Amino acid sequence: MSNLQDLITPCSPTWCPGCGDFGIWGAFKNAAVKQGWDNTNTCLVAGIGCHGHIVNYTKITSVEGLHGRPIPVATGIKIANHRLNVFVFTGDGDSLAEGGNHFIHACRRNHNITVILHDNAAYGLTVGQTSPTSPLGFKTKSTPGGNLDYPINPLALAIAAGATFVARGYTGDIPNLTELIIKANEHQGISIIDVLQPCQTFNKEYSHQFFQENCYELDEKYNPADKVEAFKKSLEWGLKQIPLGIFYKENKLSYESELPQLKEKPLIKNSVDRDLEELFEKYL
Ligand code: SF4
């Protein structure tokens, strides 16, 4: 992959101006160019929601699954071809409501995939209903009297369920988000990145201004190997108190590397060429 233009399809994005999906798309493309992710070594899977359009605009082989099901589709792809870099783009509604069970069980199985959670705390595509990460009291068409449900904490859920790389990014900070995506992909095991993104149209509470005023980066003193500390840190949320960065990281064998059929060949990223060489030697 030589430049960003090679990663863009002729489809023009239909996201609302200022939508956080643009930042995630930009960060992913930057990471893809840096790492050489393309059709020969990478597959993208998206669920249903505004986020799902990302696969229409990115020129890498992709699948847009059923609502809430991108994670099981991605785990199947990874098992079928464990050399592929497999990315899941999903939303807070998609993978914490409809696909909540898939999210939990993929975390505990430690599949070697990267899940990028577009977290805007609203159902944008269906014009603005309350989602599992919407704050208490949040007023939408589905909760005109204010949301009565306590929000799910995606980081705490992922850590508790057994995920081995858990991070939070912000769509307005593309350089840091690019690095997080690269590190998540390098991790051997499931990587969850909760990406805070404004829905300009349907969530006026979580605006760019709100995130810019209240987010901060975890510093070098923070130890992501400490699971108890990571869990405590994941509960931190408030004015000037929204941490970004890698909350938790653990070295553990991935699901795919434990499968006896796959143990015969080592897990090497970007190794499609090696397979072709073997085939050429055998048949030419
Ligand atoms: Fe983005 Fe919200 Fe518009 Fe959907 S409705 S494109 S999430 S700003």
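As the structure is a computational prediction, the values presented were derived from the model and not from experiment.
Under the 4.5 Å side-chain heavy-atom criterion for grouping Ile, Leu, Val, Met, Phe, Trp and Tyr, I113 is connected to F103 within one hydrophobic cluster. If you chain together hydrophobic residues whose side chains sit under 4.5 Å apart, V195 and F165 fall into the same group. Cluster membership check: I190 does not share its hydrophobic cluster with I159, using side-chain heavy-atom separations under 4.5 Å among Ile, Leu, Val, Met, Phe, Trp and Tyr. Put simply, V33 and V55 are part of the same group of oily side chains (I, L, V, M, F, W, Y) that touch within less than 4.5 Å, one to the next. Placement of I116 and Y57 within a single hydrophobic cluster is found when ILVMFWY residues are connected by side-chain heavy-atom separations under 4.5 Å, directly or transitively.
Inspection of the E220 and Y222 side chains reveals no N or O donor paired with an N or O acceptor under 3.5 Å. Using modelled atom types and a 3.5 Å distance limit, the side chains of N85 and T42 yield a donor-acceptor pair. A donor-acceptor pair shorter than 3.5 Å cannot be found between the side chains of T130 and N147.
No donor-acceptor distance shorter than 3.5 angstrom exists from the side chain of R168 to the backbone of I246, with no hydrogens or angles considered. Within the 3.5 Å criterion, the main-chain N or O of E213 finds a donor-acceptor partner in the side chain of K240. Proximity of a side-chain donor or acceptor of S254 to a complementary backbone N or O of N112 within less than 3.5 Å is not detected. In this structure, the side chain of K232 does not engage the main chain of V228 through any donor-acceptor pair within 3.5 Å. Side-chain atoms of S257 never come within 3.5 Å of backbone atoms of L253 as a donor-acceptor pair (strictly under, hydrogens ignored). Within the 3.5 Å criterion, the main-chain N or O of S95 finds no donor-acceptor partner in the side chain of D92. Judged by distance alone, with hydrogens and angles left aside, the side-chain atoms of T58 form no donor-acceptor pair with the main-chain N or O of I60 at under 3.5 Å. A distance-only check finds no donor-acceptor pair linking the side chain of T171 to the backbone of P198 [under 3.5 Å]. Here the side chain of S131 pairs a donor or acceptor atom with the backbone of T133 at under 3.5 angstrom. Between the side chain of S207 and the backbone N or O of F210 there is at least one donor-acceptor pair closer than 3.5 Å.
Counted within 6.0 Å of NZ on K139, heavy atoms from surrounding residues, nucleotides or ligands total 12 or fewer; the atom is thus considered open. Counting heavy atoms of neighbouring residues, nucleotides and ligands inside a 6.0 Å radius, atom CG of L239 does not exceed 12 of them. The neighbour count for D219 CG, taken as heavy atoms of other residues, nucleotides or ligands under 6.0 Å away, is above 12. When the shell of 6.0 Å around NZ of K34 is examined, it contains 12 or fewer heavy atoms from other residues, nucleotides or ligands. By the neighbour-count criterion of 12 heavy atoms within 6.0 Å, atom CD of Q241 is densely surrounded, having more than that number from other residues, nucleotides or ligands.
Taking each heavy atom of A31 and T178 in turn, the nearest pair found is N-CG2, 3.6 Å. Minimum heavy-atom separation, G26 to I174: C-CG2, 4.2 Å. Listed here is the closest heavy atom pair of K233 and P243: CD-CG, 3.9 Å. The two atoms that bring A184 and S191 nearest to each other are O-OG, 2.7 Å, heavy atoms only. Taking each heavy atom of P70 and V45 in turn, the nearest pair found is O-CG1, 3.5 Å. Here the closest heavy-atom approach between residue P135 and residue E205 is recorded as CG-OE1, 3.6 Å.
Side-chain contact between N185 and Q35: absent, with no pair of heavy atoms (C-beta onward) separated by less than 4.5 Å. Taking 4.5 Å as the limit, some side-chain heavy atom of I71 sits within range of a side-chain heavy atom of V115.
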Practice prompt. Run the numbers on L44 and F28 for side chain to side chain contact (heavy atoms under 4.5 Å, CB included), then give the verdict.
Written response: CA-CA 11 Å; L44 316 180; F28 178 78; 3.6 Å; yes
Item to complete: Check the pair L66 / I48 against side chain to side chain contact (heavy atoms under 4.5 Å, CB included), numbers first and verdict last.
Response: CA-CA 6 Å; L66 296 173; I48 302 299; 5.7 Å; no
Practice prompt. Could you check C107 against I192 for side chain to side chain contact (heavy atoms under 4.5 Å, CB included), going step by step and ending with a plain yes or no?
Written response: CA-CA 8 Å; C107 287; I192 307 287; 4.0 Å; yes
Worksheet item: How far apart are the C-alpha atoms of L244 and Y216, what are their side-chain angles, what is the distance that settles it, and do they pass the side chain to side chain contact (heavy atoms under 4.5 Å, CB included) test?
Response: CA-CA 6 Å; L244 302 175; Y216 74 94; over 6 Å; no
Worksheet entry | Trace of the ring pair (Phe, Tyr, Trp, His ring centres under 6.0 Å) decision for F231 with F247 | CA-CA 8 Å; F231 194 81; F247 284 59; over 10 Å; no
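With rounding to the nearest 0.5 angstrom, the CD1 atom of I54 is 6.5 Å from the CG atom of D21. Within the model, atoms CG of N41 and CG of N39 stand 8.5 Å from one another, a figure rounded to the nearest 0.5 Å. L259 CG to K78 NZ: the interatomic distance, rounded to the nearest 0.5 Å, is 12.0 Å. Distance check: T90 OG1 to H102 NE2 gives 10.5 Å after rounding to the nearest 0.5 Å. Atom CD1 of I193 and atom CG of D119 lie 13.0 Å apart (nearest 0.5 Å). If you take CG on N214 and CG on L196, they are separated by 11.0 Å, rounding to the nearest 0.5 Å.
Exactly one of Q197, H208, E217 qualifies for a side-chain hydrogen bond (donor to acceptor under 3.5 Å, both in side chains) with Y170. That residue is H208.
Under the 30°/60° scheme for interplanar angles, the aromatic rings of H111 and Y255 are found to be tilted. Using a 30° and 60° split on the angle between ring planes, H51 and H118 fall in the tilted class, from 30° to 60°. The aromatic rings of W25 and W15 sit perpendicular to each other, their planes meeting at more than 60°, with 30° as the lower class boundary. The aromatic rings of F87 and W37 sit tilted, their planes meeting at an angle between 30° and 60°.
With respect to the salt-bridge test (charged N to carboxylate O, under 4.0 angstrom), the residues K183 and E186 do not qualify. Looking at E256 and R83, no side-chain N of the basic residue comes within less than 4.0 Å of a carboxylate O on the acidic one, giving no salt bridge.
Proximity of the aromatic rings of Y123 and F202 is defined here by a centroid distance below 6.0 angstrom, and this criterion is not met. Here the two rings, on Y206 and W237, have centers that are under 6.0 Å apart.
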